[in-house]
Amino acid sequence: MAMGPVRPTGFSGVASGRPRRGGAFALPGQAAEAGAPPELAAAAATGALLALQDAGAAPPPEAPASRARRRAGQALEELRGLQLDLLRGATDPGRLDRLERLAAESPVGLEPELAALVQQVRLRARLEIARRTVAQL
């Protein structure tokens, strides 16, 4: 389907001295739709631009408690993977690196119960890393 050039509608009165109507666009052979007043159209366009900017924005920072829970869960998954590796007789060299990164961070400002649980997971992860390191020597 061949399309002709897109032409602005509503500007024909500019040259004749008539006031300018809305700035809608129409394809050749189509009449411009009678839309909202220009003020509403401008507000809608501004809203659309803001929505596009928000869509590309970085996500809001994660709360320390939810970040600590997520990282502790990931560490537990890596520890479970170490168990499975031991049972299979295979090792994943990247697993210890991931576990070490997860155990390295010590979150602050957590509720005492959550902080104690996170510390226990970190301790277990560091013990497993030490065991694997000594076993490799």
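These numbers were taken from a predicted model, which means no experiment stands behind them.
When all heavy atoms are compared, the tightest approach of A75 to L99 is O-CD1, 3.7 Å. Q119 and S106 get closest at one heavy-atom pair: OE1-OG, 4.2 Å. The shortest heavy-atom contact between A68 and L110 is CB-CD1, 3.7 Å. Of all heavy-atom pairs spanning P64 and V108, the tightest one is CB-O, 4.3 Å. Between V118 and P107, the shortest heavy-atom distance links the atoms CG1-CG, 3.8 Å.
If you take CZ on R126 and CG on L102, they are separated by 12.5 Å, rounding to the nearest 0.5 Å. Separation of atoms CG (L76) and CG (L117) is listed at 9.5 Å; rounding is to 0.5 Å. Put simply, CD on Q74 and CZ on R69 are 14.0 Å apart, with the number rounded to the nearest 0.5 Å. Here R132 contributes atom CZ and L82 contributes atom CG; the two are 5.0 Å apart, rounded to the nearest 0.5 Å. Rounded to the nearest 0.5 Å, atoms CG (L96) and CZ (R131) are 11.5 Å apart. The structure places CD1 of I129 at 12.5 Å from CZ of R95, a figure rounded to the nearest 0.5 Å.
Between the side chains of Q83 and R80, no donor-acceptor pair of N or O atoms lies under 3.5 Å.
Under the salt bridge (Lys or Arg N to Asp or Glu O under 4.0 Å) criterion, E105 pairs with R67, R71, not counting sequence neighbours.
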